[in-house]
Enquirer: 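This is the structure I have questions about; it appears just below.
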Amino acid sequence: MQIVVSNLGRTRYAETWELQCRLFDLRVQGLIDDTLLFTEHEHVYTLGKGGDSNHLLASDDELGRDGTEVFRIDRGGDITYHGPGQVVGYPIIDLSKHDPDIHKYLRNIEEVIIRTLGTYGIESGREEGMTGVWVKGEKIAAIGVKVSRWVTMHGFALNVNTDLRKFERIIPCGIFHKGVTSLQRILDKELPLEEVESRISESFSAVFGCTPVDVTPEQLRHRIDSVRIGSSTHE
């Protein structure tokens with residue numbers, strides 16, 4: 001089984017959310033293959049469907065200084081931050097072709113991140129009763145997903161060169177007593193995001209037993225448009 005992998009570069013949250021929705025609909029219909037999107041978002045805070053708005057501590061003035069946006073979305077989990085220097089991954093995959101088990105899916109995503117960090121010599125793991133990946137008690141990767149008709153949306157965010165001060169203006173994932181960290185902080189150097197994304201792609205392929213096929217964002221959108229045109233022809 002193959003998985004299409006596309007690196008979107010830096011994007012605003014709304015445009016990537018719209019792209020996810022289009023891919024989700026096509027995957028539900030079986031019109032496209034499993035897909036893994038990588039992106040680096042502009043500054044944004046997102047709240048899951050059960051998120052507590054009181055966990056956003058930033059004032060409107062603070063948000064306006066660098067254009068930080070806020071979205072309430074349909075994934076699980078509470079509030080988190082996405083921004084420059086962070087690798088965000090959105091798998092749109094049909095779990096019925098893998099393991100139709102949401103809890104196992106979450107554990108598999110954690111395993112992808114754990115393996116990726118291992119390639120940098122970083123020992124990481126899970127915290128009992130919590131979703132995500134942790135290094136010495138600090139969170140390095142957040143995970144929040146939606147699964148409908150066994151097709152997934154949303155995904156994970158790995159702090160690479162992230163400005164961790166942004167997490168000071170929220171209670172990340174609603175967790176009061178834990179800190180956050182990044183690859184840059186642990187290794188004391190910046191890392192190329194594309195290098196990290198490539199390692200994540202390799203780990204994802206190994207954990208989920210699929211073959212990655214890299215496509216550009218332009219090729220991805222062309223595929224989407226071609227499918228939409230083709231499907232409308234047969235209506």
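If you're wondering where the values come from, they're calculated on a predicted model, not measured in any experiment.
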Enquirer: Could you walk me through whether R22 and D225 pass salt bridge (Lys or Arg N to Asp or Glu O under 4.0 Å), step by step?
Expert: CA-CA 10 Å; R22 292 169 67 187; D225 291 339; 3.3 Å; yes
Enquirer: Check salt bridge (Lys or Arg N to Asp or Glu O under 4.0 Å) between D163 and all other residues, then give those that pass, not counting sequence neighbours.
Expert: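 Salt bridge (Lys or Arg N to Asp or Glu O under 4.0 Å) list for D163, sorted by chain: R165.
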Enquirer: Which atom names give the shortest non-hydrogen contact between Y45 and K166, and what distance separates them?
Expert: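 Taking Y45 first and K166 second, the nearest heavy atoms are OH-O, 2.7 Å.
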Enquirer: Taking ring pair (Phe, Tyr, Trp, His ring centres under 6.0 Å) as the definition, give me every residue that meets it alongside Y13, ordered by chain and number, with sequence neighbours left out.
Expert: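 Listed in chain order: W17, H41, F71.
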Enquirer: About how many Å separate OG of S182 and CD of E138, when rounded to the nearest 0.5 Å?
Expert: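 One gets 9.5 Å once the value is rounded to the nearest 0.5 Å.
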Enquirer: Partners of E15 by side chain to side chain donor-acceptor pair (under 3.5 Å), sequence neighbours excluded?
Expert: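 With neighbours one apart ignored, the set is empty.
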Enquirer: Can you find a pair of side-chain heavy atoms, one from S96 and one from R149, that are under 4.5 Å apart?
Expert: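 Of all side-chain heavy-atom pairs linking R149 with S96, none is under 4.5 Å.
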Enquirer: Do the side chains of V135 and Y120 join up, straight or via other hydrophobic residues, at under 4.5 Å, putting them in one cluster?
Expert: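 The answer is yes; both residues are in one hydrophobic cluster.
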Enquirer: Determine which pairs satisfy salt bridge (Lys or Arg N to Asp or Glu O under 4.0 Å) with at least one residue from residues 199-214, sequence neighbours left out, and list them in order.
Expert: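 Non-adjacent pairs meeting salt bridge (Lys or Arg N to Asp or Glu O under 4.0 Å): E195-R199.
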Enquirer: What are the two closest non-hydrogen atoms of P212 and C210, and how far apart are they?
Expert: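 So the two residues come closest at CD-O, 3.8 Å.
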Enquirer: Does T181 offer a backbone N or O that forms a donor-acceptor pair with the side chain of N159 under 3.5 Å?
Expert: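 Yes.
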Enquirer: Sequence neighbours excluded, which residues qualify as salt bridge (Lys or Arg N to Asp or Glu O under 4.0 Å) partners of E42?
Expert: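 For E42 the salt bridge (Lys or Arg N to Asp or Glu O under 4.0 Å) partners, ignoring immediate neighbours, are R10.
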Enquirer: What are the two closest heavy atoms between E40 and G83, and how far apart are they?
Expert: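 The pair with the smallest heavy-atom distance is CG-O, 4.1 Å.
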Enquirer: With rounding to the nearest 0.5 angstrom, report the CG to CD distance, L23 to Q20.
Expert: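 Here the rounded value is 8.0 Å.
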Enquirer: Do D33 and I3 come close enough that some side-chain heavy atom pair is under 4.5 Å?
Expert: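 Not touching, per the 4.5 Å side-chain cut-off.
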Enquirer: Using the salt bridge (Lys or Arg N to Asp or Glu O under 4.0 Å) rule, collect all pairs that involve residues 82-102, keeping only residues at least two apart or in two chains.
Expert: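 For residues 82-102: D99-K104.
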Enquirer: With side chains defined as the heavy atoms from C-beta onward, is the minimum distance between V145 and I109 less than 4.5 Å?
Expert: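 A side-chain contact under 4.5 Å is absent here.
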Enquirer: Do other residues, nucleotides or ligands put more than 12 heavy atoms under 6.0 Å from Q219 CD?
Expert: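 Yes, enclosed.
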Enquirer: With a 4.5 Å heavy-atom cut-off, do H82 and T46 have their side chains touching?
Expert: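 Side chain of H82 against side chain of T46, heavy atoms only: contact under 4.5 Å found.
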Enquirer: Would you please name every residue forming a side chain to side chain contact (heavy atoms under 4.5 Å, CB included) with R107, sequence neighbours left out?
Expert: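 Applying side chain to side chain contact (heavy atoms under 4.5 Å, CB included) to R107 gives E110, R126, T131.
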Enquirer: Please list, chain by chain and in numerical order, all residues satisfying salt bridge (Lys or Arg N to Asp or Glu O under 4.0 Å) with R185, sequence neighbours excluded.
Expert: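 So R185 forms no salt bridge (Lys or Arg N to Asp or Glu O under 4.0 Å) with any residue.
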Enquirer: Below 4.5 Å, heavy atoms only, C-beta onward: do F156 and I200 meet side chain to side chain?
Expert: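 With C-beta onward as the side chain, the pair touches.
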Enquirer: Please report the closest heavy-atom contact between P91 and G89, naming both atoms and the distance.
Expert: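 That closest heavy-atom pairing would be CD-O, 3.5 Å.
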Enquirer: Ring pair (Phe, Tyr, Trp, His ring centres under 6.0 Å) with F204: which residues, sequence neighbours excluded?
Expert: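 In terms of ring pair (Phe, Tyr, Trp, His ring centres under 6.0 Å), with neighbours along the sequence ignored, F204 is linked to F208.
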Enquirer: Examine distances only and state if a side-chain atom of S6 and a backbone atom of V215 form a donor-acceptor pair shorter than 3.5 Å.
Expert: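 Judged by distance alone, yes, a pair lies under 3.5 Å.
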Enquirer: Closest approach of L31 and V227, non-hydrogen atoms and distance?
Expert: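 It is CB-CG1, 3.6 Å.
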Enquirer: Check the pair R115 / E111 against salt bridge (Lys or Arg N to Asp or Glu O under 4.0 Å), numbers first and verdict last.
Expert: CA-CA 6 Å; R115 291 191 186 196; E111 181 64 22; 3.0 Å; yes
Enquirer: Can you tell me how far the CD atom of E123 sits from the CG atom of L117, to the nearest 0.5 Å?
Expert: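 E123 atom CD to L117 atom CG measures 11.0 Å (nearest 0.5 Å).
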Enquirer: Could you tell me if K146 sits above the aromatic ring of F24, with its cationic atom closer than 6.0 Å to the ring centre and no more than 45 degrees from the axis?
Expert: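 So K146 does make the cation-pi contact.
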Enquirer: Has the side chain of S201 got a donor or acceptor atom that lies under 3.5 Å from a matching backbone atom of E197?
Expert: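 No, the answer is negative, given that no donor and acceptor are paired below the 3.5 Å cut-off.
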Enquirer: Taking C-beta and beyond as the side chain, do V151 and I92 meet within less than 4.5 Å on heavy atoms?
Expert: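 They are in contact (side-chain heavy atoms under 4.5 Å apart), so the answer is yes.
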Enquirer: Are R223 and I32 packed together at the side-chain level, in the sense that at least one heavy-atom pair is separated by less than 4.5 angstrom?
Expert: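 Contact flag for R223/I32 side chains = no.
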Enquirer: When you compare the side chain of Q184 with that of L191, does any pair of heavy atoms fall below 4.5 Å?
Expert: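 A side-chain contact under 4.5 Å is absent here.
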Enquirer: Can you list the residues that meet the side chain to side chain donor-acceptor pair (under 3.5 Å) rule with T39, with sequence neighbours excluded?
Expert: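 Side chain to side chain donor-acceptor pair (under 3.5 Å) list for T39, sorted by chain: T11.
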Enquirer: Taking all non-hydrogen atoms of both residues, which atom of G132 and which atom of I143 are closest, and how far apart?
Expert: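 Distance-wise, the nearest heavy atoms are CA-CD1, 4.1 Å.
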Enquirer: Are the side chain of T152 and the backbone of I93 linked by a donor-acceptor contact shorter than 3.5 Å?
Expert: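 Flag set: sc T152 to bb I93 pair under 3.5 Å.
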Enquirer: Under the side chain to side chain contact (heavy atoms under 4.5 Å, CB included) test, which residues partner I102, sequence neighbours left out?
Expert: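 Result, side chain to side chain contact (heavy atoms under 4.5 Å, CB included) vs I102: V147, W150.
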Enquirer: Applying side chain to side chain donor-acceptor pair (under 3.5 Å), name anything that partners T116, two or more places apart in sequence or on another chain.
Expert: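 Per chain and number, T116 pairs via side chain to side chain donor-acceptor pair (under 3.5 Å) with S203.
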Enquirer: Looking only at side chains, do H98 and N108 share a donor and an acceptor under 3.5 Å apart?
Expert: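 No.
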